[in-house]
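Here is the structure we will look at, set down as structure tokens.
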Amino acid sequence: MNEKNSIGKLKGIGEKTEALFHRIGVNTIGDLIRYYPRGYDIFEDPVPISQLEEGKTAAVTGAVFGRIQVSGNQRLQITTLYLKDITGTLKVIWFRMPFLRNTLGKGGPLTLRGRVVRKREGLVMEHPEIYYPSVKYEEKKHSMQPVYSLTAGLTNNAVIKAVKQALEYVSEKQNILPSGLEVKYHFPPYAQAVQMMHFPENKESFIQARQRFAFEEFLIFVLALRRMKHAEARAKNQFYLPDSPLLTGFLERLPYQLTGAQKRVWEEIRADMQGPAVMSRLVQGDVGSGKTVIALLALLLAGLNGCQGALMAPTEVLARQHFETISGMLEEYSIPLKAELLTGSMTARQKREAYERIENGSASIIIGTHALIQEKVNYKNLSLVVTDEQHRFGVRQREALAGKGRTPHILVMSATPIPRTLAIILYGDLDISVIDELPKNRLPIKNCVVDTSYRETAYRFMKKQVLEGRQCYVICPMVEESESLEAENVMDYSSMLSEEMGGQIHVGCLHGRMKQQEKDAVMDAFGRNDVQILVSTTVVEVGIDVPNATVILIENAERFGLAQLHQLRGRVGRGRHQSYCIFMSPSKSKETKERLEILNHSNDGFFIAGEDLRLRGPGDLFGIRQSGILDFQIADVFQDARLLQEAGTAADKILAEDPDLALPEHAGLKRCIENKLQQIMLETTL
């Protein structure tokens with residue numbers, strides 16, 4: 001057997017189990033080899049009871065103190081014991097395990113390992129693993145057990161057993177890194193590194209393996225971008241777009257002045273659109289910095305020169321909001337252009353009529369979702385495509401949008417505060433502009449970091465804001481309750497909050513498992529103020545602009561990265577009213593307090609991103625598979641900033657010595673780059 005064989009060829013994997021693996025994207029033995037753990041269970045030395053910290057998993061050793069009790073009903077029986085050592089006593093509970101009363105407490109110390117949470121009576125260890133006698137824990141101490149992403153019906157043990165079989169088919173033939181890079185960066189050999197990723201002996205071996213594969217991911221990505229930029233370097237500007245008196249008049253009549261940063265970026269865009277080559281530019285700007293008006297100026301410049309501009313939004317709700325805003329401004333400022341909306345949910349007749357107006361050129365500014373790049377859409381003279389970082393446009397998409405083969409200008413808008421040195425590498429196919437100044441009329445968001453005892457006060461404050469006509473967000477880290485995690489979840493929270501707020505205040509619920517139409521309906525209702533409080537997971541990061549929302553309460557704030565918390569905070573502070581962000585966390589740890597205090601005292605996204613990088617540092621296990629701005633399986637832009645820069649340097653050196661990657665040692669690398677290029681070209685976030 002080899003990597004290409006079906007997962008069903010492994011022992012113990014029947015049709016049902018194979019179908020479960022398919023649900024997590026594992027179809028072949030090769031897929032399983034590269035299905036790395038999302039984290040690891042690390043068995044540290046037991047700690048004294050007095051040193052236990054809320055929110056952390058730890059091991060403690062002691063003796064049973066008093067009687068073991070079983071309470072509750074047949075549906076949910078709770079077993080309670082008290083563990084005592086020389087530093088204190090700890091309450092411990094298990095769910096649905098009444099038999100423990102007869103097996104524990106017969107003399108001798110035992111070791112328990114579990115998550116510590118804070119209850120009314122103090123710190124409690126919930127549902128821990130039991131090591132009796134304690135010497136059994138010594139056998140596991142300092143080991144790292146892989147924890148994989150699962151689906152209903154698939155257990156972690158089932159994945160571990162399958163992975164152990166799959167690792168027998170790992171070969172150095174699959175290595176794509178040139179030997180010179182392995183030696184230079186002291187990376188472990190490929191087969192050894194794969195083994196170390198799944199079953200590391202210790203943290204050090206895991207870090208070595210992770211660095212190798214993170215570097216590999218970055219190298220492939222950077223090389224793909226370099227090749228893409230090189231292929232497009234000769235593209236000439238076929239849409240020279242000179243200044244228009246109407247655009248100058250529009251700027252003069254705006255009720256506010258552009259900031260210095262906005263003026264600078266607009267000049268860079270204008271120069272591109274009037275220069276010899278096609279524009280490919282990324283505009284980075286913190287939340288609330290005024291990127292949208294810059295995009296509008298570029299669209300107007302295209303339209304006023306008899307060409308078309310397209311604005312692609314990540315959701316239908318946001319597309320409709322952009323359409324209404326732009327249509328209103330065209331009318332208010334007497335600009336003789338027509339905006340057109342095109343989304344997937346429109347009726348066949350509505351789409352057909354929109355297609356006609358786009359094709360005959362009567363529609364100058366076309367706003368929509370991925371529907372903008374469907375085959376049926378024919379543009380008359382599309383000269384500009386404005387998109388956001390969620391839509392990485394590739395060559396084929398540009399060709400599809402270009403109509404008759406004429407290459408449009410590309411403007412990508414990003415609210416992700418990436419340090420410029422990293423952005424230059426990540427967006428190697430784009431020139432970069434930064435809006436690093438907020439409009440003067442924006443009131444800074446007032447922040448506070450609180451523990452869960454502040455919750456009732458927060459609710460009273462939110463209710464007061466709603467009664468004054470404002471709206472609020474509540475962010476929870478989970479969709480549904482989990483026995484293994486002590487965290488607020490959207491489903492239960494929205495029901496509870498609805499009761500708390502009373503019948504006059506409408507509480508909505510939003511999460512990633514909902515269908516897109518359901519999400520759009522909820523966001524639309526929130527935008528119209530039919531919903532006053534929206535309880536959501538992080539899917540709300542990409543939402544509509546709701547200037548009326550003035551409060552965001554983020555539960556379990558310790559579970560999010562600083563950059564993500566800053567993005568979430570950007571949902572408020574968009575209107576003329578004072579806005580507030582409440583970071584709530586049950587954690588008492590010094591690390592959590594230090595992290596959240598950074599957000600408490602700063603609204604500067606670029607500063608926060610830098611601090612996030614500093615605090616997390618290399619080797620932080622929680623960054624293994626963090627969902628972020630780009631779809632890397634292992635690498636993390638912030639955590640692995642140094643590796644990203646090293647990969648950028650290595651990519652430039654490889655291309656300088658072997659521009660076509662024709663050398664035998666670059667064959668595997670070339671194959672991966674071609675696959676990555678195809679992915680970038682075709683990629684569209686729906």
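All values below come from the heavy atoms of this structure, side chains included, with hydrogens, waters and symmetry mates left out. Everything quoted here is computed from the prediction, not taken from an experiment.
A donor-acceptor contact closer than 3.5 angstrom is absent between the side chains of Asp640 and Gln211. A donor and an acceptor atom, one from each side chain of Gln284 and Asp436, are nowhere located under 3.5 Å apart. Side-chain contact annotation: Ser289 with Glu437, donor-acceptor N/O pair under 3.5 Å absent. No hydrogens or angles considered: nothing links the side chains of Ser364 and Gln308 as a donor-acceptor pair under 3.5 Å. Looking only at atom types and distance, the side chain of Asp31 has a donor-acceptor partner in the side chain of Thr28 under 3.5 Å away. Looking at Glu359 and Tyr379, their side chains never bring a donor and an acceptor atom within 3.5 Å of each other.
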message: What verdict does the side-chain contact (heavy atoms from CB on, under 4.5 Å) test give for Ile176 and Ile220, after you've listed the backbone C-alpha separation in whole Å, the side-chain angles of each residue and the deciding distance to 0.1 Å?
response: CA-CA 10 Å; Ile176 63 166; Ile220 292 166; 3.5 Å; yes

- prompt: Given Thr407 and Asn237, is the side-chain contact (heavy atoms from CB on, under 4.5 Å) satisfied, shown in steps?
  reply: CA-CA 8 Å; Thr407 307; Asn237 181 4; over 6 Å; no

query: Where do His198 and Tyr36 land on the side-chain contact (heavy atoms from CB on, under 4.5 Å) test, with the steps shown first?
result: CA-CA 6 Å; His198 286 284; Tyr36 298 121; 3.7 Å; yes

- request: Evaluate the side chain to side chain donor-acceptor pair (under 3.5 Å) criterion for residues Glu646 and Tyr185: first the C-alpha distance (whole Å), next the side-chain angles of each, then the deciding distance (0.1 Å), finally the verdict.
  value: CA-CA 9 Å; Glu646 295 280 8; Tyr185 294 108; 3.0 Å; yes

- request: Could you walk me through whether Ile367 and Met312 pass side-chain contact (heavy atoms from CB on, under 4.5 Å), step by step?
  value: CA-CA 6 Å; Ile367 301 147; Met312 190 169 178; over 6 Å; no

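The main-chain N or O of Arg34 is found under 3.5 Å from a side-chain atom of Gln633 such that the two form a donor-acceptor pair. Between the side chain of Arg281 and the backbone N or O of Val412, no donor-acceptor pair lies under 3.5 Å. Side-chain N or O atoms of Asn381 include one that pairs as donor or acceptor with a backbone N or O of Gly306 at under 3.5 Å. In this structure a side-chain-to-backbone donor-acceptor pair under 3.5 Å is missing from Asp660 to Ala662. For the pair Glu316 (side chain) and Gly344 (backbone), a donor-acceptor distance under 3.5 Å is present. Within the 3.5 Å criterion, the main-chain N or O of Ile366 finds no donor-acceptor partner in the side chain of Glu340. A donor-acceptor pair is defined here as one N or O able to donate and one able to accept, closer than 3.5 Å; no such pair exists between the side chain of Ser602 and the backbone of Leu599. The backbone N or O of Val434 sits less than 3.5 Å from a side-chain atom of Arg264, completing a donor-acceptor pair. Between the side chain of Lys291 and the backbone N or O of Gly285 there is at least one donor-acceptor pair closer than 3.5 Å. Under the 3.5 Å distance criterion, the side-chain polar atoms of Thr259 are matched with a main-chain donor or acceptor of Gln262.
For the pair Asp431/Glu268, no side-chain contact is recorded, criterion being any heavy-atom separation below 4.5 Å from C-beta on. With a 4.5 Å cut-off on side-chain heavy atoms, Leu411 and Thr387 do not count as touching. Counting heavy atoms from C-beta outward, Phe221 and Glu217 have side chains that stay 4.5 Å or more apart. Here the side chains of Arg270 and Leu297 are not in contact, with every heavy-atom distance at 4.5 Å or above. Residues Val222 and Asp652 form no side-chain contact, since every pair of their non-hydrogen atoms from C-beta on lies 4.5 Å or further apart. Using a 4.5 Å cut-off on side-chain heavy atoms (C-beta onward), Met279 and Ile410 make no contact. Leu382 places none of its side-chain heavy atoms less than 4.5 Å from the side chain of Cys307. At least one side-chain heavy atom of His409 sits under 4.5 Å from a side-chain heavy atom of Phe239.
Distance check: Ile608 CD1 to Asn603 CG gives 6.5 Å after rounding to the nearest 0.5 Å. Between atom CG of residue Leu384 and atom CG of residue Asn305 there is a gap of 11.5 Å, rounded to the nearest 0.5 Å. Atom-to-atom distance recorded for Ile598:CD1 and Asp604:CG is 12.0 Å, nearest 0.5 angstrom. Rounded to the nearest 0.5 angstrom, Thr538 OG1 and Arg559 CZ are separated by 13.0 Å. Separating the OG1 atom in Thr343 from the CZ atom in Phe323 is a distance of 10.5 Å, to the nearest 0.5 Å. Separation of atoms CG (Leu296) and OG1 (Thr292) is listed at 9.0 Å; rounding is to 0.5 Å.
The heavy-atom pair separating Leu10 from Ile29 by the smallest distance is CD2-CD1, 4.0 Å. Nearest approach of Leu562 to Arg595, heavy atoms of both residues: CD2-O, 3.3 Å. In terms of heavy atoms, Ala635 sits closest to Phe218 at CB-CZ, 3.5 Å. Nearest approach of Ser149 to Ile24, heavy atoms of both residues: O-CD1, 4.3 Å. When every heavy atom of Tyr40 is checked against every heavy atom of Pro146, the shortest pair comes out as CD2-CA, 3.8 Å. Counting all heavy atoms, side chain and backbone alike, Arg226 lies closest to Leu655 at CB-CD1, 3.5 Å.
Salt-bridge check for Glu182 with Arg212: passed, with a basic side-chain N closer than 4.0 Å to an acidic carboxylate O. A salt bridge does not link Lys263 to Glu267: none of the charged side-chain nitrogens sits closer than 4.0 Å to a carboxylate oxygen.
More than 12 heavy atoms of other residues, nucleotides or ligands shown are found within 6.0 angstrom of CD on Gln374.
Between Tyr148 and Tyr35, the angle of the ring planes stays under 30°, which puts this pair in the parallel group of the 30/60° scheme.
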